[in-house]
Amino acid sequence: MEVLRTVTDVRNFVENQKKQGKKIGLVPTMGALHDGHLTLGREAKKHCDILIYSIFVNPTQFGPNEDLDKYPRDFEGDENKLSSIGVDAVFYPTSDVMYPEGYKTYVKVRDLSNILCGESRTNHFEGVTTVVLKLFNITKTDCAFFGKKDFQQFAIIKKMCNDLNVDIELYPVDIVRESDGLAMSSRNAYLNENERKAAVVLSKSLKQAVDKINSYKDCNELISDVTETIKSEPLANIEYVEFRKADDLSKASDLNDENVILLAVRFGNTRLIDNMVVKKGQ
Ligand code: AMP
(Lines give C-alpha, C1' and ligand atoms only; values in the text may rest on other atoms or scores of the structure.)
Protein backbone atom coordinates (compact mmCIF):
# COMPACT_ATOMS: atom_id res chain seq x y z
CA MET A 1 0.00 0.00 0.00
CA GLU A 2 1.38 3.39 -0.96
CA VAL A 3 1.42 6.24 1.55
CA LEU A 4 0.84 9.54 -0.25
CA ARG A 5 1.66 12.72 1.68
CA THR A 6 1.30 15.53 -0.88
CA VAL A 7 -1.11 16.60 -3.60
CA THR A 8 1.60 15.83 -6.19
CA ASP A 9 2.04 12.31 -4.77
CA VAL A 10 -1.68 11.68 -5.20
CA ARG A 11 -1.82 13.23 -8.67
CA ASN A 12 1.10 11.06 -9.90
CA PHE A 13 -0.37 7.90 -8.38
CA VAL A 14 -3.85 8.52 -9.83
CA GLU A 15 -2.60 9.62 -13.25
CA ASN A 16 -0.64 6.39 -13.55
CA GLN A 17 -3.69 4.29 -12.63
CA LYS A 18 -6.01 6.19 -14.95
CA LYS A 19 -3.58 5.68 -17.86
CA GLN A 20 -4.14 1.96 -17.30
CA GLY A 21 -7.91 2.48 -17.47
CA LYS A 22 -8.48 1.87 -13.76
CA LYS A 23 -11.55 3.15 -11.93
CA ILE A 24 -10.69 4.99 -8.72
CA GLY A 25 -12.67 4.79 -5.45
CA LEU A 26 -12.21 7.02 -2.39
CA VAL A 27 -13.12 6.53 1.27
CA PRO A 28 -12.58 9.77 3.21
CA THR A 29 -11.94 9.27 6.97
CA MET A 30 -10.40 10.94 9.98
CA GLY A 31 -8.52 7.77 10.99
CA ALA A 32 -8.65 5.78 14.27
CA LEU A 33 -10.18 3.20 12.00
CA HIS A 34 -12.73 0.60 13.14
CA ASP A 35 -14.75 -1.99 11.33
CA GLY A 36 -17.31 0.61 10.21
CA HIS A 37 -14.59 2.41 8.26
CA LEU A 38 -13.25 -0.85 6.83
CA THR A 39 -16.71 -1.91 5.69
CA LEU A 40 -16.80 1.17 3.45
CA GLY A 41 -13.63 -0.13 1.79
CA ARG A 42 -15.00 -3.65 1.40
CA GLU A 43 -18.07 -2.18 -0.29
CA ALA A 44 -15.90 0.14 -2.42
CA LYS A 45 -13.88 -2.76 -3.80
CA LYS A 46 -17.04 -4.05 -5.48
CA HIS A 47 -17.30 -0.82 -7.50
CA CYS A 48 -13.73 0.28 -8.31
CA ASP A 49 -10.32 -1.10 -9.33
CA ILE A 50 -8.10 1.10 -7.20
CA LEU A 51 -9.06 2.01 -3.66
CA ILE A 52 -7.73 5.09 -1.89
CA TYR A 53 -8.45 6.02 1.75
CA SER A 54 -7.77 9.48 3.05
CA ILE A 55 -6.91 9.97 6.70
CA PHE A 56 -7.11 13.58 7.77
CA VAL A 57 -8.40 15.02 11.04
CA ASN A 58 -9.87 18.05 9.34
CA PRO A 59 -9.51 21.12 11.59
CA THR A 60 -12.14 23.19 9.75
CA GLN A 61 -14.95 20.85 10.80
CA PHE A 62 -14.21 21.19 14.53
CA GLY A 63 -15.61 24.06 16.60
CA PRO A 64 -13.35 26.02 19.00
CA ASN A 65 -14.56 24.01 22.02
CA GLU A 66 -14.58 20.64 20.34
CA ASP A 67 -12.19 17.67 20.47
CA LEU A 68 -9.71 18.45 17.63
CA ASP A 69 -6.63 18.07 19.84
CA LYS A 70 -7.74 14.97 21.64
CA TYR A 71 -9.34 13.24 18.63
CA PRO A 72 -7.83 9.69 18.57
CA ARG A 73 -4.91 9.24 16.15
CA ASP A 74 -3.15 5.95 15.34
CA PHE A 75 -1.62 6.05 11.87
CA GLU A 76 0.45 2.88 12.29
CA GLY A 77 -2.58 0.87 13.42
CA ASP A 78 -4.64 2.37 10.59
CA GLU A 79 -1.99 1.48 8.01
CA ASN A 80 -2.04 -2.17 9.11
CA LYS A 81 -5.83 -2.31 8.97
CA LEU A 82 -5.95 -0.77 5.50
CA SER A 83 -3.23 -3.12 4.18
CA SER A 84 -5.18 -6.07 5.57
CA ILE A 85 -8.23 -5.27 3.40
CA GLY A 86 -6.16 -4.62 0.26
CA VAL A 87 -6.30 -0.82 0.06
CA ASP A 88 -4.01 0.46 -2.73
CA ALA A 89 -3.06 3.85 -1.32
CA VAL A 90 -3.65 6.06 1.69
CA PHE A 91 -3.58 9.84 1.40
CA TYR A 92 -2.30 11.13 4.73
CA PRO A 93 -1.72 14.87 4.38
CA THR A 94 -0.75 17.42 7.02
CA SER A 95 -2.95 20.47 7.63
CA ASP A 96 -0.42 22.57 5.69
CA VAL A 97 -0.98 20.44 2.61
CA MET A 98 -4.75 20.85 2.80
CA TYR A 99 -4.86 24.43 4.07
CA PRO A 100 -1.62 26.22 3.11
CA GLU A 101 -1.04 29.71 4.44
CA GLY A 102 -3.47 32.17 2.90
CA TYR A 103 -6.19 29.57 2.33
CA LYS A 104 -9.56 31.34 1.88
CA THR A 105 -12.17 29.19 0.13
CA TYR A 106 -15.09 27.38 1.79
CA VAL A 107 -18.05 25.50 0.36
CA LYS A 108 -21.41 25.67 2.12
CA VAL A 109 -24.68 23.91 1.38
CA ARG A 110 -27.25 26.38 2.73
CA ASP A 111 -30.12 25.36 5.02
CA LEU A 112 -29.21 21.65 5.21
CA SER A 113 -25.99 22.59 7.04
CA ASN A 114 -27.80 24.57 9.75
CA ILE A 115 -30.32 21.97 10.95
CA LEU A 116 -29.91 18.92 13.24
CA CYS A 117 -26.16 18.57 14.04
CA GLY A 118 -25.53 21.92 12.34
CA GLU A 119 -27.57 23.72 15.03
CA SER A 120 -25.08 23.00 17.79
CA ARG A 121 -22.03 22.53 15.53
CA THR A 122 -21.87 25.86 13.69
CA ASN A 123 -19.62 25.66 10.58
CA HIS A 124 -19.11 21.91 11.04
CA PHE A 125 -20.68 20.94 7.72
CA GLU A 126 -18.97 23.81 5.91
CA GLY A 127 -15.68 22.22 7.01
CA VAL A 128 -16.88 18.81 5.84
CA THR A 129 -18.05 19.90 2.38
CA THR A 130 -14.90 21.96 1.89
CA VAL A 131 -12.54 19.10 2.70
CA VAL A 132 -14.59 16.52 0.79
CA LEU A 133 -14.65 18.64 -2.36
CA LYS A 134 -10.90 19.20 -2.02
CA LEU A 135 -10.36 15.45 -1.66
CA PHE A 136 -12.54 14.81 -4.71
CA ASN A 137 -10.50 17.32 -6.73
CA ILE A 138 -7.13 16.05 -5.50
CA THR A 139 -7.87 12.37 -6.12
CA LYS A 140 -10.06 12.86 -9.24
CA THR A 141 -11.93 9.85 -7.91
CA ASP A 142 -14.69 8.19 -9.93
CA CYS A 143 -16.70 7.11 -6.88
CA ALA A 144 -16.78 7.77 -3.14
CA PHE A 145 -18.15 5.91 -0.14
CA PHE A 146 -19.73 7.32 3.03
CA GLY A 147 -21.40 5.77 6.08
CA LYS A 148 -25.10 6.19 6.80
CA LYS A 149 -24.06 6.68 10.40
CA ASP A 150 -23.48 10.31 9.38
CA PHE A 151 -26.84 10.49 7.64
CA GLN A 152 -26.97 14.27 7.45
CA GLN A 153 -23.40 14.43 6.17
CA PHE A 154 -24.27 12.14 3.27
CA ALA A 155 -27.39 14.18 2.40
CA ILE A 156 -25.28 17.37 2.37
CA ILE A 157 -22.51 15.87 0.23
CA LYS A 158 -25.09 14.53 -2.21
CA LYS A 159 -26.67 17.99 -2.46
CA MET A 160 -23.28 19.65 -2.94
CA CYS A 161 -22.39 17.26 -5.77
CA ASN A 162 -25.76 17.79 -7.41
CA ASP A 163 -25.66 21.58 -7.12
CA LEU A 164 -22.02 21.93 -8.22
CA ASN A 165 -22.22 19.34 -11.03
CA VAL A 166 -19.61 17.12 -9.40
CA ASP A 167 -19.58 14.00 -11.54
CA ILE A 168 -18.76 11.35 -8.92
CA GLU A 169 -20.81 8.28 -7.97
CA LEU A 170 -21.71 8.46 -4.27
CA TYR A 171 -22.47 5.33 -2.29
CA PRO A 172 -24.06 5.33 1.19
CA VAL A 173 -23.06 2.29 3.27
CA ASP A 174 -25.10 0.78 6.15
CA ILE A 175 -24.16 1.48 9.76
CA VAL A 176 -21.86 -1.10 11.34
CA ARG A 177 -22.71 -1.76 14.99
CA GLU A 178 -21.05 -3.40 18.00
CA SER A 179 -22.64 -6.70 19.07
CA ASP A 180 -24.84 -4.85 21.61
CA GLY A 181 -26.12 -2.42 18.95
CA LEU A 182 -23.98 0.68 19.61
CA ALA A 183 -22.99 2.26 16.29
CA MET A 184 -19.22 2.02 15.86
CA SER A 185 -17.51 5.40 16.18
CA SER A 186 -13.98 6.61 16.86
CA ARG A 187 -15.54 8.75 19.62
CA ASN A 188 -16.78 5.64 21.51
CA ALA A 189 -13.20 5.46 22.83
CA TYR A 190 -13.96 8.53 25.00
CA LEU A 191 -16.71 6.73 26.94
CA ASN A 192 -15.95 5.39 30.42
CA GLU A 193 -17.28 2.00 31.40
CA ASN A 194 -20.63 3.27 32.70
CA GLU A 195 -21.17 5.62 29.77
CA ARG A 196 -20.34 2.83 27.32
CA LYS A 197 -23.02 0.62 28.90
CA ALA A 198 -25.51 3.49 28.96
CA ALA A 199 -24.89 4.38 25.28
CA VAL A 200 -26.63 1.18 24.17
CA VAL A 201 -29.89 3.02 24.87
CA LEU A 202 -29.50 4.88 21.55
CA SER A 203 -29.77 1.88 19.24
CA LYS A 204 -32.24 0.27 21.64
CA SER A 205 -34.63 3.24 21.43
CA LEU A 206 -34.39 3.34 17.63
CA LYS A 207 -34.80 -0.40 17.17
CA GLN A 208 -37.81 -0.34 19.47
CA ALA A 209 -39.43 2.41 17.39
CA VAL A 210 -38.76 0.51 14.15
CA ASP A 211 -40.29 -2.64 15.67
CA LYS A 212 -43.35 -0.75 16.95
CA ILE A 213 -43.86 1.48 13.90
CA ASN A 214 -47.18 -0.09 12.92
CA SER A 215 -48.66 0.58 16.36
CA TYR A 216 -47.94 4.35 16.57
CA LYS A 217 -50.89 6.59 15.73
CA ASP A 218 -48.66 9.51 14.67
CA CYS A 219 -45.06 10.74 14.60
CA ASN A 220 -45.43 12.58 17.93
CA GLU A 221 -46.09 9.28 19.63
CA LEU A 222 -42.99 7.81 17.97
CA ILE A 223 -40.78 10.73 19.00
CA SER A 224 -42.09 10.64 22.62
CA ASP A 225 -41.46 6.91 22.79
CA VAL A 226 -37.84 7.26 21.60
CA THR A 227 -37.29 10.26 23.90
CA GLU A 228 -38.72 8.49 26.95
CA THR A 229 -36.58 5.40 26.36
CA ILE A 230 -33.42 7.51 26.14
CA LYS A 231 -34.42 9.55 29.21
CA SER A 232 -34.79 6.32 31.21
CA GLU A 233 -30.97 6.19 31.08
CA PRO A 234 -29.74 8.73 33.66
CA LEU A 235 -26.34 9.29 31.96
CA ALA A 236 -27.95 10.31 28.66
CA ASN A 237 -28.45 14.01 27.82
CA ILE A 238 -30.54 14.49 24.70
CA GLU A 239 -29.51 17.16 22.20
CA TYR A 240 -32.17 16.22 19.65
CA VAL A 241 -34.54 13.46 18.58
CA GLU A 242 -35.98 14.25 15.14
CA PHE A 243 -38.20 12.64 12.54
CA ARG A 244 -37.24 13.68 9.00
CA LYS A 245 -37.78 12.68 5.38
CA ALA A 246 -35.01 10.29 4.40
CA ASP A 247 -34.31 11.90 1.01
CA ASP A 248 -33.93 15.61 1.90
CA LEU A 249 -34.12 15.77 5.74
CA SER A 250 -37.13 18.11 5.69
CA LYS A 251 -39.62 17.70 8.57
CA ALA A 252 -41.68 14.54 8.29
CA SER A 253 -44.97 13.46 9.81
CA ASP A 254 -46.41 10.60 7.73
CA LEU A 255 -45.47 7.22 9.17
CA ASN A 256 -46.27 5.60 5.81
CA ASP A 257 -43.38 7.38 4.04
CA GLU A 258 -39.72 6.45 4.20
CA ASN A 259 -38.48 8.64 7.02
CA VAL A 260 -35.53 8.62 9.37
CA ILE A 261 -35.31 9.03 13.13
CA LEU A 262 -32.12 10.94 13.92
CA LEU A 263 -30.65 11.60 17.32
CA ALA A 264 -27.72 13.26 19.03
CA VAL A 265 -27.15 12.49 22.70
CA ARG A 266 -24.37 13.31 25.13
CA PHE A 267 -22.86 10.90 27.65
CA GLY A 268 -20.62 13.03 29.84
CA ASN A 269 -18.54 15.08 27.39
CA THR A 270 -19.03 12.64 24.54
CA ARG A 271 -21.59 13.47 21.89
CA LEU A 272 -22.91 10.46 19.96
CA ILE A 273 -25.22 10.30 16.95
CA ASP A 274 -27.34 7.49 15.54
CA ASN A 275 -30.27 7.03 13.17
CA MET A 276 -32.61 4.46 11.66
CA VAL A 277 -34.88 4.59 8.64
CA VAL A 278 -38.53 3.67 9.35
CA LYS A 279 -41.67 3.16 7.31
CA LYS A 280 -45.02 1.68 8.30
CA GLY A 281 -45.70 -1.77 6.92
CA GLN A 282 -41.98 -2.72 6.98
P1 AMP B 1 -15.02 9.55 10.32
O2 AMP B 1 -13.63 9.04 10.33
O3 AMP B 1 -15.73 9.41 11.62
O4 AMP B 1 -15.13 10.93 9.70
O5 AMP B 1 -15.82 8.61 9.34
C6 AMP B 1 -15.38 8.35 8.03
C7 AMP B 1 -16.48 7.65 7.27
O8 AMP B 1 -16.79 6.42 7.93
C9 AMP B 1 -17.79 8.46 7.22
O10 AMP B 1 -18.37 8.31 5.92
C11 AMP B 1 -18.63 7.80 8.27
O12 AMP B 1 -20.03 7.92 8.05
C13 AMP B 1 -18.19 6.35 8.13
N14 AMP B 1 -18.49 5.61 9.37
C15 AMP B 1 -18.11 5.93 10.63
N16 AMP B 1 -18.62 5.05 11.52
C17 AMP B 1 -19.34 4.16 10.80
C18 AMP B 1 -20.14 3.02 11.13
N19 AMP B 1 -20.29 2.62 12.39
N20 AMP B 1 -20.74 2.34 10.13
C21 AMP B 1 -20.61 2.75 8.84
N22 AMP B 1 -19.87 3.82 8.46
C23 AMP B 1 -19.26 4.52 9.42
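The first residue in the sequence is number 1, and the count goes up from there. Indexing begins at 1, ligand by ligand and atom by atom, following the structure's order.
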Kindly indicate whether a cation-pi arrangement holds for Lys70 with Tyr190, taking the cut-offs as under 6.0 Å to the six-membered ring centre and within 45° of the axis.
yes
Contacts satisfying ring pair (Phe, Tyr, Trp, His ring centres under 6.0 Å) that involve residues 104-137 (not counting sequence neighbours) are Tyr103-Tyr106
Quick one: ring pair (Phe, Tyr, Trp, His ring centres under 6.0 Å) pairs with a partner in residues 229-271, sequence neighbours left out?
none
At a 4.0 angstrom heavy-atom cut-off, what protein residues surround ligand 1?
Pro28, Thr29, Met30, His34, Gly36, His37, Leu40, Tyr71, Phe146, Gly147, Lys149, Asp150, Gln153, Asp174, Ile175, Val176, Met184
Show me the donor-acceptor pairs, under 3.5 Å and distance only, between side chains in residues 107-116 and residues at least two apart or in other chains.
unit_1	atom_1	unit_2	atom_2	d
Lys108	NZ	Asn114	OD1	3.4
Ser113	OG	Val109	O	2.6

Hey, could you give me the OG1/CD1 distance between Thr141 and Ile24, rounded to the nearest 0.5 Å?
6.5 Å
Aromatic contact, Tyr171 with Phe146 (centres under 6.0 Å):
no
